[in-house]
A.B. asks: 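Mind looking over this structure? Questions follow.
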Amino acid sequence: MIRLSRLCAGYFGKTVIQEVTMEFLPGKVTVLLGPNGSGKSTLLKASLGLLPLTGGEVLYDDVDIRRLKRRQIAQKAAFLTQSRNTPSVQALRMVLHGRFPYLTYPRHYGGQDYAIARSAMDATGSRQHENTNVSLLSGGQRQGVYLAMALAQDTGTLFMDEPTTYLDISRQFQMMHTARSLAREGKAVVLVLHDICLALREADRIAVLQEGRLLCCDESDAIYQSGVLEQVFGVGVHRVDTPHGMQYYCVPRRVPGRIAEECQNT
């Protein structure tokens, strides 16, 4: 399990994340929510040791991350980044990169590596593209390949930074279905999302950040009931019970004076 204790981190000497304490629990989907610039992506990178800490600790199974080698970290946590280059490489070869933490140099893939890679592609619906150059795939298809690469890393924790960006609605549902399936397998799944409604519907736990600080981290229903999302995002958050489960929607908040002005102008 990965635990953050009074974590502080940032860039170029500027602290972005301040005093964050939380856990990423196995078997749970945790979503990080917050306005742009609130520190969500920074938190993920610091949790993976990709940024130097300016305070606090990141503990992997009670071991300080600063005592671990990059290969050891990569065997415990995988990272699906928000933006990445599109290489000119066969999709299966791209997914096999997820096996790097388990190979010595020079890297030679064995039968087990190929089996794990293909199984990961099956899980993300990208197996049909295994012989296709990644640069020829659509954005959604490439996302499936990159997710398969992260799954092939075979770690207990998976971090994903805005994995639904640029995906159509069907692929967004598929992405969240995959996240929940991984959690049911016992993995800790951590996502940065901007879609409040998707987070409330699909997450087990939601962590709300603002200006680099963790305001709260709790079960999704408790977060909804607290009103913290309305406070942070300045929108009305509502829900209705449907035959398909609880559905959420957001509406803009209007200042009374603004409403009067709009009425006069109509």
Side-chain angles (χ1 to χ4, degrees), residues 1-2 24 26-27 29-30 41 44-51 58 60-61 65 68-167 171 174-192:
M1 183 172 68
I2 299 176
F24 302 122
V29 175
T30 300
S41 297
L44 291 193
K45 292 175 183 177
S47 300
L48 287 152
L50 301 177
L51 290 176
V58 176
Y60 278 56
D61 298 324
I65 194 174
L68 299 175
K69 297 179 180 179
R70 287 303 317 161
R71 181 177 178 182
Q72 292 175 301
I73 296 171
Q75 290 176 353
K76 292 178 177 291
F79 184 31
L80 181 64
T81 61
Q82 177 184 4
S83 59
R84 61 193 73 83
N85 295 326
T86 303
S88 180
V89 63
Q90 187 186 59
L92 178 59
R93 301 297 294 184
M94 189 75 213
V95 175
L96 282 166
H97 288 180
R99 303 301 302 158
F100 280 7
Y102 306 95
L103 304 176
T104 57
Y105 189 83
R107 300 184 180 99
H108 294 294
Y109 301 115
Q112 183 181 21
D113 298 311
Y114 278 96
I116 291 174
R118 289 193 167 101
S119 177
M121 296 187 82
D122 284 334
T124 64
S126 56
R127 178 72 178 274
Q128 60 186 313
H129 306 301
E130 70 170 65
N131 296 316
T132 305
N133 193 297
V134 176
S135 63
L136 300 178
L137 298 177
S138 70
Q141 292 168 340
R142 284 200 298 269
Q143 187 77 324
V145 172
Y146 289 125
L147 177 57
M149 180 174 65
L151 297 186
Q153 205 168 316
D154 195 21
T155 60
T157 302
L158 174 61
F159 292 100
M160 294 190 276
D161 193 358
E162 299 190 35
T164 60
T165 301
Y166 308 124
L167 297 184
R171 289 187 179 274
Q174 181 180 345
M175 176 66 73
M176 297 309 298
H177 173 76
T178 300
R180 295 216 56 84
S181 296
L182 294 171
R184 284 194 294 270
E185 294 172 8
K187 296 182 184 294
V189 183
V190 186
L191 305 91
V192 169

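No hydrogens, no waters, no symmetry mates; every other heavy atom, side chains included, goes into these values. Nothing here was measured: the structure is a model prediction, and the numbers come from that model.
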A.B. asks: Show the nearest heavy-atom pair for residues Ser41 and Asp161, with the distance to one decimal.
C.D. replies: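 Taking Ser41 first and Asp161 second, the nearest heavy atoms are OG-OD2, 2.8 Å.
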A.B. asks: Is there side-chain contact between Val134 and Met94, with heavy atoms separated by less than 4.5 Å?
C.D. replies: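 A side-chain contact exists here, since the closest heavy-atom pair is under 4.5 Å.
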A.B. asks: Any chance you could measure Thr124, atom OG1, to Asp122, atom CG, to the nearest 0.5 Å?
C.D. replies: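 Interatomic distance, Thr124 OG1 to Asp122 CG, rounded to 0.5 Å: 8.0 Å.
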A.B. asks: One pair to check against side chain to side chain contact (heavy atoms under 4.5 Å, CB included): Gln82 and Val192. What are the steps and the verdict?
C.D. replies: CA-CA 9 Å; Gln82 177 184 4; Val192 169; over 6 Å; no
A.B. asks: List the atom of Ala74, the atom of Gln153, and the distance in Å for their closest heavy-atom pair.
C.D. replies: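 Residues Ala74 and Gln153, closest heavy atoms: O-NE2, 2.7 Å.
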A.B. asks: Quick one: CD1 on Ile116 to CE on Met121, what's the gap to the nearest 0.5 Å?
C.D. replies: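 Answer for the CD1-CE pair, Ile116 versus Met121, is 14.5 Å.
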A.B. asks: Please evaluate residues Leu50 and Arg70 with respect to the criterion side chain to side chain contact (heavy atoms under 4.5 Å, CB included), reporting the C-alpha separation (whole Å), side-chain torsions for both, the decisive distance (0.1 Å), and the verdict.
C.D. replies: CA-CA 9 Å; Leu50 301 177; Arg70 287 303 317 161; 3.6 Å; yes
A.B. asks: One pair to check against side chain to side chain contact (heavy atoms under 4.5 Å, CB included): Val29 and Arg180. What are the steps and the verdict?
C.D. replies: CA-CA 7 Å; Val29 175; Arg180 295 216 56 84; 4.0 Å; yes
A.B. asks: Taking C-beta and beyond as the side chain, do His108 and Leu103 meet within less than 4.5 Å on heavy atoms?
C.D. replies: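 A side-chain contact is absent here, since even the closest heavy-atom pair is not under 4.5 Å.
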A.B. asks: Which residues pass the ring pair (Phe, Tyr, Trp, His ring centres under 6.0 Å) test with Phe24, sequence neighbours left out?
C.D. replies: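 Here the qualifying residues are Phe159.
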A.B. asks: Which atom pair, heavy atoms only, marks the closest approach of Leu48 to Ala77?
C.D. replies: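 Heavy-atom minimum between the residues: CD2-CB, 3.7 Å.
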A.B. asks: Is there a donor-acceptor contact under 3.5 Å from the side chain of Asp61 to the main chain of Met1?
C.D. replies: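 It does hold such a pair.
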A.B. asks: Do you know which of Arg99, Arg118, Arg93 makes salt bridge (charged side-chain N to carboxylate O under 4.0 Å, His left out) with Asp113?
C.D. replies: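 Of the listed options, the one satisfying the test is Arg99.
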A.B. asks: Is Arg71 close to Gln75 at the side-chain level, that is, under 4.5 Å between some pair of heavy atoms?
C.D. replies: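 Yes, side chains in contact.
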A.B. asks: Identify the two heavy atoms, one from Leu96 and one from Ala117, that lie closest to each other, and give their separation to 0.1 Å.
C.D. replies: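 Heavy atoms only, the tightest pair is CD2-CB, 3.7 Å.
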A.B. asks: List the atom of Thr155, the atom of Ala78, and the distance in Å for their closest heavy-atom pair.
C.D. replies: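 Heavy-atom minimum between the residues: OG1-N, 3.3 Å.
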A.B. asks: Could you measure the distance from the CD atom of Gln112 to the OG atom of Ser119? Nearest 0.5 Å is fine.
C.D. replies: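 Gln112 atom CD to Ser119 atom OG measures 11.5 Å (nearest 0.5 Å).
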A.B. asks: CG/Leu136 to OG/Ser88 distance, rounded to the nearest 0.5 angstrom?
C.D. replies: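 It is 7.5 Å, given to the nearest 0.5 Å.
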A.B. asks: Asp154 versus Lys187: any side-chain heavy-atom pair under 4.5 Å?
C.D. replies: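 Yes, at least one pair of side-chain atoms sits under 4.5 Å.
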A.B. asks: Should Leu191 and Met176 count as side-chain neighbours, where that means a heavy-atom distance under 4.5 Å?
C.D. replies: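 Counting from C-beta outward, Leu191 and Met176 do come under 4.5 Å.
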A.B. asks: Which distance, rounded to the nearest 0.5 Å, do you find between the CG of Leu44 and the CG of Leu51?
C.D. replies: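 That separation rounds to 10.5 Å.
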A.B. asks: Name each donor-acceptor pair under 3.5 Å that joins a side chain in residues 139-151 to protein atoms two or more places apart or in another chain, with its distance.
C.D. replies:
residue	atom	partner	partner atom	Å
Gln141	OE1	Ser138	N	2.9
Gln141	OE1	Ser138	OG	3.3
Arg142	NH1	Leu137	O	2.6
Gln143	OE1	Arg84	NH1	3.3
Gln143	NE2	Pro163	O	2.6
Tyr146	OH	Asn85	O	2.9

A.B. asks: Atom OG1 in Thr165, atom CE in Met160: separation rounded to 0.5 Å?
C.D. replies: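 Nearest 0.5 Å value for the OG1-CE distance: 12.0 Å.
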